[in-house]
Structures are given as C-alpha cells and as structure tokens.
Amino acid sequence: AYTFAAVISACASVKMWQLAINLLRRMDKLGVKKDVVCYNAAVGVCARAGRYKEATELIDEMIRERFRPNVVTYSAAISACEKGKNLKRARELMRRMGRAGVAPNVYTFASLISVCEKAGDWDAARQTLRSMKDWNLAPNAYCFNACIAACEKCGRSREAVELLEEMKAAGVPPDVYSYSSAIGALAKSGNVAWSKMLFDEMNARGVVPNMFTYSQLIIGYDKAGRWQEAIEVLGILRSNRMVPNVVAYGAAINACKNGKQWEKARELFDDMNTLGVKPNQHVFSTLLRASSELRDSAMVTTLLKQMKTAKVEANLITYNACLAAFARSMDLQGALDTLDKIRASGMKPDKVTYSACITVAEKCARWDVALRLMHEMSCDGIRPDTIFFNACISACEKSRQWRKAIEILEDIKREGLQPD
RNA sequence: CCUCAAUAAAAUGUCAAUC
C-alpha cells in the first residue's frame with residue numbers, strides 16, 4: 001500500500017487521473033490492502049486535474065468500503081473545485097466534512113479561499129479567512145496569499161494592501177507571493193507609485209522578487225502610460241542576472257504598444273529573440289500591429305515566417321492583423337496571398353478580413369478586385385454594409401469606372417441599405 | 001520535507017475604415 005500510494009501520487013505529474021483510479025482497482029485484484037492514504041493520493045491527483053466529480057465519487061467509495069475520509073481527503077477534494085471555479089461544491093464538501101466530524105485545518109481553508117479566488121469572489125475569500133478563528137486556526141501565508149490574490153483578481157487594491165498589513169501584524173511575514181499579488185493589485189488599479197513602494201519594501205526586507213513580481217511592476221508602468229520605466233524594469237531584471245520570460249517581455253511590448261512606441265516594440269522583440277525567449281501568439285500579434293504602424297510589410301512577411309518555424313499557430317486574428325499591415329502599406333499582393341493562406345488553412349474569412357482586403361483594393365484603385373472580393377464575401381454568407389459599398393465606389397472612382405460606380409449604388413438599394 | 005492535500009502574472013485584428 002505504501003508503494004501504491006507513491007505511484008498513484010506520481011500520476012499527477014503526468015496528468016493521468018484515470019490511471020490513478022485504475023491503480024486503486026488493481027490493488028484489489030492483486031490482493032493488496034488499500035488504505036486511506038492510497039485514496040487520498042488518488043483524490044489529490046483528481047484535484048490537480050480539476051476532477052471534483054471523481055474526487056467526490058472516491059469519497060463516496062471510501063465510505064462504502066468503510067474507510068474514514070480524513071482532513072487530507074476533504075482538503076484535496078475542496079481544492080479539486082478550483083479549476084471549475086465551483087465555490088458551491090467546495091462549500092458542500094465543507095459541510096459534509098463537518099457532518100462527518102472531521103475538523104478543517106489550514107490546508108482546508110487555504111484550499112477553500114483559493115476556490116473563492118478562482119470564482120472571483122473576494123468577499124467570500126475574506127470572510128472565509130475571518131472564519132478561521134472560529135476553529136481556533138491562525139491563517140498562514142497560504143491563506144493570506146490566496147485571499148490577496150482574490151482581491152487582486154477583483155481589482156480591490158485597497159483590501160489587498162490591508163491584508164498585507166494584517167499579515168505583518170499577525171506575525172506572518174509576507175513572502176514573494178504576497179508582495180507580487182499586492183503589487184499586481186495596485187498596478188492594475190493604476191497606482192504604480194504604491195506598487196514601487198512595495199517593491200522597494202520587499203527588497204529591504206530581503207524578500208527576493210521573482211518574474212511574477214517584475215511582470216506586475218511592468219504592467220503597472222504600462223497602465224500608467226510610463227513605457228520608458230516599463231522597459232527599465234527589464235533592465236533591472238537583467239542586471240539581477242535573470243532572463244525575462246515571455247510574460248515580462250510581452251508586458252513591456254504591450255506598454256510600448258499602448259504608448260505607440262512601435263520602434264521600441266520591435267527592439268524588445270529583437271532582444272527577446274537574441275536571448276532565445278520564445279514569443280507566443282500574442283507577442284506576434286502585437287508585433288504585426290507594430291509592423292502595420294511602421295508601414296513595414298517586409299516585417300510582416302518575416303514575422304509570419306518566424307511564426308511558422310517557431311511552430312506558433314496563426315489564427316484568423318493573426319492573419320487579419322497581417323492584412324491590416326498590408327492595407328496600410330498598400331500591398332495588394334500581400335493581402336491577397338494572406339487571403340489565400342487563410343482559406344488554405346481551412347479558416348473562414350470574416351467581415352474584418354474582407355474589409356481589410358477591399359480597403360487595399362480600393363487604395364490601389366483596383367475596382368475589379370474590390371468587386372470580386374465583394375462577391376466572394378457574399379458567397380461566404382457575409383452581408384456587406386454601406387462601408388463596403390462605399391469602398392467599392394471609391395475604387396471605381398479612382399479608376400474612373402463611372403458606370404460601375406452607379407451600378408454599385410443600385411446594389412446598395414437592392415440590399416436595402418441607405419446610400420450615404 | 002519527502003506514501004497523501006493548499007497560494008499569484010500580461011497581452012491580439014479592419015475603424016488616423018469609405019467620402
């Protein structure tokens with residue numbers, strides 16, 4: 001049974017909760033006596049997989065087989081409710097635990113508060129924290145941190161900072177989780193000055209900031225429109241011999257985007273590449289936007305190639321971002337190629353796609369292409385609006401196709417739209 | 001500490017779109 005519990009528990013790292021349950025069954029067949037710890041291990045695996053249903057079923061089974069689920073069992077089952085953000089279920093388990101005469105411990109509460117956090121209920125989180133004293137339990141860092149995280153998620157920076165102070169008063173030293181969450185809460189509420197104060201405070205107290213902490217700070221500067229300082233944080237990170245990850249870079253690049261610093265965004269992206277930090281779909285999208293702003297359609301092509309080699313999948317949004325770039329640089333061929341790629345990869349072009357394509361055609365005075373696109377669009381079941389027709393008329397105008405222009409005007413009326 | 005349970009992070013598309 002000792003060995004089995006260890007093996008069952010190991011199923012968690014390979015995310016195989018079914019295997020964990022199967023192993024329990026195998027024990028019966030092999031005549032090995034099961035015990036509570038084996039069950040707990042299996043419940044723990046289900047918990048990490050977010051399978052609260054299976055976790056609860058295991059508890060039922062335990063009772064049928066005359067095992068007594070203990071506080072570990074229930075705590076694990078409660079944390080299984082996190083992924084599904086199922087606070088109701090977690091509370092049910094809490095009641096069930098009480099009926100079984102099992103007293104909760106700090107693990108139980110930390111799990112329950114964490115469920116509140118996932119469910120986006122900061123008030124429930126705080127009340128749960130408060131209710132610990134009814135059980136003569138003193139919250140530990142896990143409990144406080146989960147509660148601060150709940151406040152952060154709900155944008156309650158005031159409460160997050162209060163909890164941080166409460167921790168100190170209770171003799172629970174805030175750790176890197178506590179500080180990162182509180183810094184994040186302040187950052188998102190636009191109070192980066194306070195975020196920075198907490199950042200300095202943690203350093204003074206010997207709490208070492210990690211990537212989460214730095215990212216939060218970057219986000220704070222982003223929200224405050226201070227992109228220069230956002231970039232500087234990356235420098236601090238590096239001077240501490242850390243390599244910023246994709247989140248830290250992504251946040252800084254985003255700060256550049258919001259500050260319309262397209263050239264800076266490109267520089268950061270290059271840095272990322274030289275450091276071997278893999279950009280993700282979001283970073284690529286932002287860079288595509290940058291290339292659009294910089295009117296650099298060569299950059300678009302390069303980015304697409306890089307995505308391919310890096311095996312980052314392009315979705316319709318990515319392609320539409322490319323189209324926007326081609327539209328700006330009046331690269332009709334690039335746009336039409338992108339449209340082909342979209343179709344070739346089995347995606348359905350949407351209104352945005354066609355809008356961008358028709359815009360390029362219009363800018364290039366290609367009334368024929370514009371009209372063809374209009375036709376293809378209606379074949380795809382997308383109803384053009386006045387803007388589309390206007391773009392087409394404009395395309396005709398640029399190429400002096402007066403008769404065509406008038407025909408389109410008639411089409412507008414046929415579609416039941418008002419020419420403006 | 002080790003047979004079982006608990007905590008945190010950013011960001012994406014046409015619209016400075018037609019006249």
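Residue numbers start from 1 in every chain, and the chains themselves are labelled A, B, ... in the order their sequence lines are given, proteins ahead of strands.
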Visitor: List the protein contact pattern of nucleotides 8-14 of chain B with one symbol per nucleotide (5' to 3'): B for base contact, S for sugar-phosphate-only contact, - for none; contact means a heavy-atom distance under 4.0 Å.
Guide: BBBBBBB

Visitor: For the pair made of CD1 in A/I8 and C1' in B/rA5, what is the distance, rounded to whole Å?
Guide: 15 Å

Visitor: Please report the distance, rounded to the nearest Å, between NZ in A/K83 and P in B/rA5.
Guide: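 Computing the A/K83:NZ to B/rA5:P distance gives 14 Å.
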
Visitor: So what does A/D35 hit on the nucleic acid, given a heavy-atom distance under 4.0 Å: a base, only sugar-phosphate, or nothing?
Guide: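 Here A/D35 touches no strand at all.
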
Visitor: By ring pair (Phe, Tyr, Trp, His ring centres under 6.0 Å), which residues pair with A/F4, not counting sequence neighbours?
Guide: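 Here no residue qualifies.
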
Visitor: Show me the pairs that pass side-chain hydrogen bond (donor to acceptor under 3.5 Å, both in side chains) and involve residues 207-217 of chain A, at least two apart or across chains.
Guide: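 Applying side-chain hydrogen bond (donor to acceptor under 3.5 Å, both in side chains) to every pair that reaches into residues 207-217 of chain A, excluding sequence neighbours, yields A/E152-A/Q216, A/S180-A/T213, A/N210-A/T213, A/Y214-A/N240.
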
Visitor: If the cut-off is 4.0 Å, is A/Y142 near the phosphate of B/rU7, judged by side-chain N/O to OP1 or OP2?
Guide: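 Result: no.
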
Visitor: Salt-bridged, A/K34 to A/E65, with N to O below 4.0 Å?
Guide: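 Here A/K34 pairs with A/E65 in a salt bridge, since their nearest N and O are under 4.0 Å apart.
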
Visitor: Between B/rU14 and B/rU18, how far apart are the two P atoms, rounded to whole Å?
Guide: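 Taking atom P in both B/rU14 and B/rU18, they lie 13 Å apart.
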
Visitor: Does A/N105 reach a base, just sugar-phosphate, or nothing at all? Heavy atoms under 4.0 Å.
Guide: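 The answer is base, as A/N105 lies within the cut-off (heavy atoms under 4.0 Å) of a base atom.
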
Visitor: Identify, with sequence neighbours excluded, every residue that meets ring pair (Phe, Tyr, Trp, His ring centres under 6.0 Å) alongside A/Y74.
Guide: none

Visitor: Under 6.0 Å from the NZ atom of A/K257, do we count more than 12 heavy atoms belonging to anything else shown?
Guide: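 For A/K257, atom NZ is crowded (more than 12 foreign heavy atoms under 6.0 Å).
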
Visitor: With sequence neighbours excluded, tell me which residues meet side-chain contact (heavy atoms from CB on, under 4.5 Å) with A/K168.
Guide: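 Partners of A/K168 under the side-chain contact (heavy atoms from CB on, under 4.5 Å) test: A/E165, A/P174, A/Y179, A/E201, A/R205.
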
Visitor: Is there a residue in residues 47-62 of chain A whose heavy atoms reach under 4.0 Å of RNA chain B, and which residues are they?
Guide: A/R48

Visitor: Heavy-atom count check: over 12 atoms from other residues, nucleotides or ligands less than 6.0 Å from A/R366 CZ?
Guide: no

Visitor: Output all residues satisfying side-chain contact (heavy atoms from CB on, under 4.5 Å) with A/T318, sequence neighbours left out; order by chain, then residue number.
Guide: A/Q281, A/S285, A/L288, A/M307, A/A314, A/N315

Visitor: Could you tell me the separation between the CG atom of A/L137 and the P atom of B/rA5, rounded to a whole number of Å?
Guide: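 In whole Å, B/rA5 P and A/L137 CG are 19 Å from each other.
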
Visitor: Expressed as a whole number of Å, how far does the P atom of B/rA8 sit from that of B/rU12?
Guide: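 These two P atoms come out 22 Å apart once rounded.
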
Visitor: Using the C1' atoms only, state how far B/rA5 lies from B/rA9, rounded to an integer number of Å.
Guide: 25 Å

Visitor: Quick one: A/Y354 OH to B/rC15 P, roughly how many Å, whole number?
Guide: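 Rounded to the whole Å, the gap is 19 Å.
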
Visitor: Take atom C1' in B/rA11 and the same atom in B/rU7, then report the distance between them in whole Å.
Guide: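 The answer is 24 Å between these two C1' atoms.
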
Visitor: For A/Y142, enumerate each residue passing the ring pair (Phe, Tyr, Trp, His ring centres under 6.0 Å) test, keeping only those at least two apart in sequence or located in another chain.
Guide: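 Partners of A/Y142 under the ring pair (Phe, Tyr, Trp, His ring centres under 6.0 Å) test: none.
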
Visitor: Just the rounded figure in Å: distance from C1' of B/rA5 to CG of A/L93.
Guide: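 So the two atoms are 13 Å apart, to the nearest Å.
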
Visitor: Does anything in residues 154-164 of chain A come within less than 4.0 Å of RNA chain B? Heavy atoms only, and list the residues if so.
Guide: none

Visitor: Go through the structure and list residues passing side-chain contact (heavy atoms from CB on, under 4.5 Å) with A/A77, not counting sequence neighbours.
Guide: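 Testing A/A77 for side-chain contact (heavy atoms from CB on, under 4.5 Å), a comparison that skips the adjacent residues, returns A/V43, A/A55, A/I59, A/L93.
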
Visitor: Among B/rU3, B/rC4, B/rA6, find the nucleotide with the atom closest to the side chain of A/N40.
Guide: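 Of B/rU3, B/rC4, B/rA6, B/rC4 is nearest to the side chain of A/N40.
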
Visitor: Rounded to the Å, how far apart are A/L373 CG and B/rU18 P?
Guide: 17 Å

Visitor: Sequence neighbours excluded, which residues qualify as side-chain contact (heavy atoms from CB on, under 4.5 Å) partners of A/I406?
Guide: none

Visitor: Using the C1' atom as the point on both nucleotides, what is the distance between B/rA10 and B/rC15, in whole Å?
Guide: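 So the two C1' atoms sit 25 Å from each other.
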
Visitor: So what does A/A5 touch, heavy atoms closer than 4.0 Å: a base, only the sugar-phosphate, or nothing?
Guide: base

Visitor: Is A/S394 near enough to B/rC19 that one of its side-chain N or O atoms lies under 4.0 angstrom from OP1 or OP2?
Guide: yes

Visitor: Mind checking what makes side chain to side chain donor-acceptor pair (under 3.5 Å) contact with A/R51, not counting sequence neighbours?
Guide: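 Here the qualifying residues are A/E54.
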
